Amino acid sequence: MAPNVPGCSFGHVPSAPLSHGHTIRTMTVDRDLPAARRATSADGALITEIITRAFANDPLWSWALRGQDGGTDYHASFWRLFVDGALRYPWTWLTEGGGATSIWIPPGGTELSREQEERLYRLAAEHLGPAADDFSELLARFDAAHPRTEPHYYLSLLGTHPEHRGRGIGMWLLAHDLDLIDAEHLPAYLESSNPANNRRYSAVGFEPLGEFAYPGSGPIVTTMWRPAR
């Protein structure tokens with residue numbers, strides 16, 4: 001997530017990385033799982049709420065979005081940019097009842113428009129104070145790590161609402177999405193901002209690709225790749 005930062009081309013590099021780190025906090029799979037549907041622009045507020053709540057205590061993003069006054073009210077404004085950016089494409093999914101959401105950028109797509117990139121940097125300057133520079137550098141590191149050798153689907157965000165955790169909804173939704181991607185015989189890419197989730201991603205076919213850290217030896221991000229099937 002970083003517009004107009006050296007090394008970042010948010011609205012301009014196909015499948016450029018922004019929303020990084022995927023919060024899957026589900027442990028077991030409920031037999032009575034909901035159906036999934038494609039989200040529309042009318043779902044923007046709901047998706048933003050799910051992502052904001054899901055990433056509130058994420059090792060990376062709770063650190064990267066910390067404000068000067070310790071507040072978090074503005075976090076939703078950051079996430080809404082990425083939600084709206086992704087909703088330009090028909091690859092954001094919601095489970096029935098709004099328990100979980102997955103946000104994908106399809107091959108050839110970008111996470112943000114130029115205007116959204118500019119808004120992101122203004123938000124960082126407004127709310128993060130001196131840490132805005134580290135935030136921009138973090139986004140540049142996301143961008144630099146993102147593979148561009150072949151077309152792929154990019155999992156920008158995956159989150160389960162806290163009230164729906166523990167039922168396996170997040171992993172079920174991810175498996176649902178991967179079935180559709182497999183039907184196109186294309187690879188997929190993600191960045192995991194929570195080490196606890198790495199083994200879950202591995203269980204559905206993602207392989208570690210590399211890693212980088214928040215500036216100043218901060219939280220670690222693991223990049224992962226799932227070959228085409």
Side-chain angles (χ1 to χ4, degrees), residues 1-2 7-10 12-29 33 36-39 51 54-55 58-61 82 85-86 88-95 100-112 138-160 168-213 219-229:
M1 312 166 173
C8 286
S9 305
F10 280 51
H12 318 291
V13 175
S15 297
L18 273 182
S19 319
H20 315 92
H22 317 288
T23 301
I24 307 178
R25 304 176 186 277
T26 51
M27 297 301 294
T28 59
V29 177
L33 289 168
R37 65 174 176 84
R38 292 184 191 272
I51 292 299
F55 284 89
D58 180 80
L60 175 70
W61 293 111
F82 292 101
R88 295 175 296 159
Y89 311 105
W91 262 91
T92 294
W93 295 86
L94 273 168
T95 57
T101 187
S102 57
I103 298 177
W104 294 86
I105 305 300
T110 59
E111 287 194 286
L112 301 178
L138 173 67
L139 295 181
R141 294 180 183 186
F142 271 107
D143 185 74
H146 197 111
R148 292 179 176 83
T149 56
E150 61 182 302
H152 60 275
Y153 278 89
Y154 167 50
L155 182 58
S156 175
L157 290 163
L158 173 66
T160 300
I169 294 176
M171 288 304 297
W172 176 87
L173 182 58
L174 178 57
H176 160 275
D177 299 347
L178 292 174
D179 282 346
L180 297 176
I181 293 170
D182 288 345
E184 297 185 36
H185 306 293
L186 287 172
Y189 171 76
L190 63 78
E191 303 104 349
S192 174
S193 60
N194 187 341
N197 291 330
N198 294 357
R199 63 180 179 82
R200 298 182 177 110
Y201 292 128
S202 294
V204 292
F206 283 92
E207 303 167 357
L209 192 62
E211 64 179 35
F212 58 91
I220 298 295
V221 177
T222 302
T223 60
M224 305 186 79
W225 181 264
R226 186 176 186 270
R229 299 189 177 187

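One-based numbering along the sequence shown. Not measured: the values here are computed from a predicted model.
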Leu180: which residues meet the side chain to side chain contact (heavy atoms under 4.5 Å, CB included) condition with it, sequence neighbours left out?
Trp91, Trp93, His176
Applying side chain to side chain contact (heavy atoms under 4.5 Å, CB included), name anything that partners Ala100, two or more places apart in sequence or on another chain.
Thr95, Thr160, Ile169, Leu173
Within this structure, what is the [atom1]-[atom2] distance for the pair [X] and [Y], rounded to the nearest 0.5 Å?
X	Y	atom1	atom2	result
Ile103	Asp177	CD1	CG	11.0 Å
Ile220	Asn194	CD1	CG	12.5 Å
Leu190	Ser156	CG	OG	10.5 Å
Leu157	Leu155	CG	CG	7.5 Å
Thr101	Leu94	OG1	CG	4.5 Å

Keeping Tyr201 on the side-chain end and Trp225 on the backbone end, is there a donor-acceptor pair under 3.5 Å?
no
So which atom in [X] and which in [Y] form the shortest heavy-atom distance, rounded to 0.1 Å?
X	Y	answer
Thr223	Glu191	CG2-CG, 4.1 Å
Pro227	Gly205	CD-O, 4.0 Å
Gly159	Ala54	CA-CB, 3.9 Å
Arg229	His185	O-ND1, 2.7 Å
Arg226	Val204	NE-O, 2.7 Å
Leu186	Pro151	CD2-O, 4.1 Å

Would you tell me whether Ser192 and Asn197 have side-chain atoms, one donor and one acceptor, within less than 3.5 Å of each other?
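Distance-only check fails for Ser192 and Asn197.
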Just by distance, no angles: are the side chains of Glu150 and Tyr189 close enough, under 3.5 Å, to form a donor-acceptor pair?
no
Any side-chain heavy atom of [X] sitting closer than 4.5 Å to one from [Y]?
X	Y	answer
Phe206	Thr222	no
Leu138	Phe212	yes
Leu158	Trp104	no

Does the pair Tyr89 and Thr110 meet the rule for a side chain to side chain contact (heavy atoms under 4.5 Å, CB included), with working shown?
CA-CA 10 Å; Tyr89 311 105; Thr110 59; 3.6 Å; yes
Excluding sequence neighbours, so at least two apart, what forms salt bridge (Lys or Arg N to Asp or Glu O under 4.0 Å) with Arg38?
none
